[in-house]
Structures are given as structure tokens and as C-alpha cells.
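Comments concern the structure below.
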There are 2 protein chains.
Amino acid sequence: MSTVQTKTEVPDIGKSLSRCESCAVRHHSICGVLSEEELIHLNQIARPRKLKAGDVIVSDEEPIDYFANVVSGVVKLSKFLPDGRQQIVGLLFPPDFLGRAYKNYSSNFAEAATDVELCCFQHDRFEGMLKKFPNLKQKLFETTLNELDAAREWMVLLGRKTAEEKVADLLVMIAKRSALVGCTNLGGFVELPITRADMADYLGLTIETVSRQFTRLKTMKLINIIDKRHIEIPDLDALAQLAGHEL
Amino acid sequence: MSTVQTKTEVPDIGKSLSRCESCAVRHHSICGVLSEEELIHLNQIARPRKLKAGDVIVSDEEPIDYFANVVSGVVKLSKFLPDGRQQIVGLLFPPDFLGRAYKNYSSNFAEAATDVELCCFQHDRFEGMLKKFPNLKQKLFETTLNELDAAREWMVLLGRKTAEEKVADLLVMIAKRSALVGCTNLGGFVELPITRADMADYLGLTIETVSRQFTRLKTMKLINIIDKRHIEIPDLDALAQLAGHEL
DNA sequence: CGCTTCGTTGAAACACGTCAATAAGCGTGG
DNA sequence: CCACGCTTATTGACGTGTTTCAACGAAGCG
């Protein structure tokens, strides 16, 4: 990403894959289904973008400029009530996809939870790609179905789980997602990419309750708190069971 | 639906549209995007099915036999925690679509909330249709995206709304969906297709709390309770505003 | 006419929220 | 370097919205 920052409109075709070849999520993102040939086309409309924690990506109820792959960092999708109450409805880790096809405005507020690297595709051009490459569209469809499953799983958490179960579940989720990215090995140290406030907004709790559950899990020896942004999970299965997962 | 109950494998092509032509949801379900010609093919794999309230349609974590359009009645999709706690993650009204493509087992428990009429499509054959008819697939994709939006909207309700707002929101939702089906006109009498227990499981509350909020909304003159299954909403906008909708 | 299901209502318990104080970390500027 | 302000997180005391437990009534059904 860092080597190619130019904004020349038509990159040299011969070198046009260089950006993707070095991409951290080349084989795991939606790009994974594309042949080298197809990837050249997508690469031509791809633009890297770096964001700092807190930067707004797309605002609520506003026209969508672009779709994007999350290359590094974490993006939060949230919704608001008129009086300001907030609910995070999705956390995007690499190599997740950001965007809502077939709609010209966004239904969520998207914000960088950490420093973030995106690989952006201009809206209309990307939808053109969807028309041209059926397997890309198919992949996006299946991705959407998985997101729907995940959202419904989260509904169970929000509606029926206790604060303790909620926090445990979130930590398990973060541990597993981090392990996928490769930052961490399972069962070891886990970096918490989001603040307590974000956790609260994701779990439908307050900051204070989240904090209390942290110390509670600590006294139960289910986690060790290294510092504000790092914990250790000695037994992931035990934590998962507490979170209400089967087995 | 009631006229054709035969199970002959290959219906007379010349008459094969008779079932769809009289279908209540022909133009509003996913079938709406199909030409008459395409519809003939789909019709050949369609089988009507009637269910009584409480009947199980597909069990959790079990192979999926079929997809279906909801023709009449209401279907509930729910999930369970190991100890039996339940969360309803979706209510399907006509002309909603039931099923999860590209996965051979169901992630939800589907049950008839009322007496239900379905129009069923055998699993493999329907996925074959998706391959053959791109516009059907496109329609299903967009349907899925809308479901995802709706699920995330519901996450806000589950995580951040009060019991009062939750019940108000549910009633507004039911009123609007019922109006679409045509059973009711907006602002008038509304039939409640589900029990208090189902409402509780949909809202992440207990039966008692739901009941208390009903009487609360009644004293606030926002609803009139006709009987257990019927209410009147004198001012839908007022109720919607209480539920936390903008404007 | 019992039996069961469904809904309402009350009293008490409790999980979580609210309010408030404190501490740690961090960048900025004198 | 320390002082200062700001943000983030923890902890305690207290308040409250929702759950729990229990009793009761109404409707449907064999």
C-alpha cells in the first residue's frame, strides 16, 4: 500500500497488479474470487486510503461515495436515536468489506475505530464491476448472507444475554477475529482494538458496566488484564462457554 | 392456493400458470421480477403447504429441505441459548421469503406463528433456478440486503431502547406490515398476529413487561385495546415518535 | 365442567444505570 | 522538566427499570 500513493488515472497495465500482489488481504477479501485478469480491472479503480482513529468514513443517511476493503485496523458501523443514544451494529476487521450495494445512501454511520487502511472503489465503477464479474457479485452475496447471520446472532446477545455474558462474548469474538488477521495466536495475548465506550455501544451497556465485568472476569481468572488495551485469555473455551456458546 | 392441492410431478404446461396467477403475492414476492415464461419454470417446482400455528418449519442446525414464499400468515425465526432462553430474530409477513441460500443447514429455528400458507421450492431445484435466472438471484440479493438493514435497525431497538419504546416500535411495525398486506388500513384497527410471549421474545423482554407496557400505552391514550388480539392506534405518528423514530 | 393456555396485575428482588470521585496515560506548552 | 488539560478507565454509593415470583381472571377446548 505504502509504495503506490500516486493518483494517476490510468496506471501502467503491465505494473497494475503490483498494488494487489502485495496486498495483505488479497486472498481473503472479496478479491479472493477474482482471477489475475479480473483483478487487473478491479485494481484500476482501487485507491488506497489511510484514516486516523475517529475519522468519519461515511455519514448516516448520506450518499455513498465508495465501497472499500478493510486492509488494516477496525471500522465501526453505528446507528443513532434522535436523542443521541448510539448502537454499534457492526465491527469490520480485515478483510471485511464496507459498503451497501444497490442503494445510493448509507443506512449506517461508518467511523474508523482505530487507525485504518482501506482499499476504496468508487461507487458506480464498483457496481459496474459487479455486473461484469458474476463471481464477484456471488462472493458479495454470500458475504452479505454471512453478515445477516452474524447480525442475528448478535441480536440474541443484545436481547437475551447478561452483561457478563455480553462482555465475555465480545472478548471471544475479538480474540477469534484477531487470530484470523494474524496479530495474535489463540489463547495468548489479545489486543483490544476498541475503547470501553465502543464496547458498551456494541453490547448495549454503559461504560461502567463493561468495566465492572472486566474486573469480574479478572477475579474469576478467565482473563488477565495487561493494560487498558491488552488482555490475556488463558482458556478461550471456558470464556466462550460463559458467553453462552454451545459445548 | 386452495384449488390446486395435487402432487402430480409434471403439471400440464398449458395450465401450469394457474396456481401463480391466482397467487396473492405474485407481484410482491421475489416472483415479481420473473417474466411469465420464467414463472412457468418456477411454478413447476412450487408446492403449496399449509401449516397450523406452532408447527415447526425448519429446525435449528438441521439440513434445509426447501425455500418458501410466505403467502399468508406470519412465520417467526428464532434462536436459542443452551439454557433455553429464546430470541426471535425475524418475523416474516407475506410476501417475505423464507430460506438461506448457499448453506446446507439452517441457522435459525423457523416456526409458524399463526396459521400459515407457504409456497415451497425444493432446495436444490431452487438454487438451480437462481443459476438460471439472474434477475431472480438479483432480487434475492437485494432482499437479503434489506433484511440486513432491518436486522441492524432491530439491534438498535434491542440494545438501546426502553421497554416502552420497544413495545411501541413493535406495534408500529406490525401496523405498517399489516397495512401492506392489506388486512388493515393505517391508523385503524390492527390485528396482532403474535402472542405476548412472542412479542417478548422479539423485543428481548419478559411477557409481564410487555403486558405492563400495553396498559401503559393504553393509559397514555396511544392505543385502545379491543381484545387480546386487536388494538386500535388513533395516531400512528405519535406512537412512532414515542418509539424513537425521527420526525 | 374441569383443564390448559394466555394475559394481567401486584410485591419483592436484582441487574444494570446514573452520578460522582479518583487515577492513569498522553500530548502540549511554558 | 513539571504543570496543565483532556481523555480513558476504574470504583463506590445510590437509584430505578425490568425481572422474578406468585396469584388471579378470561378464553378456548375436549
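To find a chain, count down the sequence lines: A is the first, B the second, and so on, and within it residues start at 1. All of these numbers come straight from a predicted model, not from anything done at the bench. Hydrogens, waters and symmetry mates are skipped; everything else that's a heavy atom, side chains included, is used.
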Rounded distance (Å) that lies between atom C1' of dA15(C) and atom NZ of Lys166(A):
11 Å
Over 60° means perpendicular and under 30° means parallel, so tell me whether Phe80(A) and Phe109(A) are parallel, tilted or perpendicular.
perpendicular
With a 4.0 Å limit, can you tell me whether Thr195(B) has a side-chain N or O closer than that to the phosphate oxygens OP1/OP2 of dT5(C)?
no
If you measure only the distance, is there a donor-acceptor pair under 3.5 Å linking the side chains of Asp169(B) and His245(B)?
yes
If the sugar-phosphate is the primed atoms plus P, OP1 and OP2 and the base is the rest, what is the B/S/- string for nucleotides 17-30 of chain D, using protein heavy atoms under 4.0 Å?
-SBBBB--------
Between Asp201(A) and Lys76(A) (salt bridge meaning N to carboxylate O under 4.0 Å), is one present in this structure?
no
Give a yes or no on whether the backbone of Ile64(A) and the side-chain of Ser106(A) come within a donor-acceptor separation of less than 3.5 Å.
no
Rounded interatomic separation in angstrom, taking CG from Leu217(A) and P from dT11(D):
13 Å
How close or far is atom P of dC6(C) from atom CD1 of Ile225(B), stated in whole angstroms?
18 Å
What is the distance, to the nearest angstrom, from the CG atom on Leu158(A) to the C1' atom on dC16(C)?
15 Å
How many whole angstroms separate atom CD1 of Ile194(A) from atom C1' of dT8(D)?
14 Å
So, the side chain of Lys79(A) versus the backbone of Val156(B): is there a donor-acceptor pair under 3.5 Å, distance only?
no
I need the CZ-C1' distance between Phe214(A) and dT10(D), as an integer number of Å.
12 Å
Let me know the distance between CZ of Arg196(A) and P of dG17(C), rounded to the nearest Å.
16 Å
Let me know the distance between CD1 of Ile207(A) and P of dG17(C), rounded to the nearest Å.
11 Å
Considering all heavy atoms, the nearest Leu158(B)-Gly204(B) contact:
CD2-N, 3.9 Å
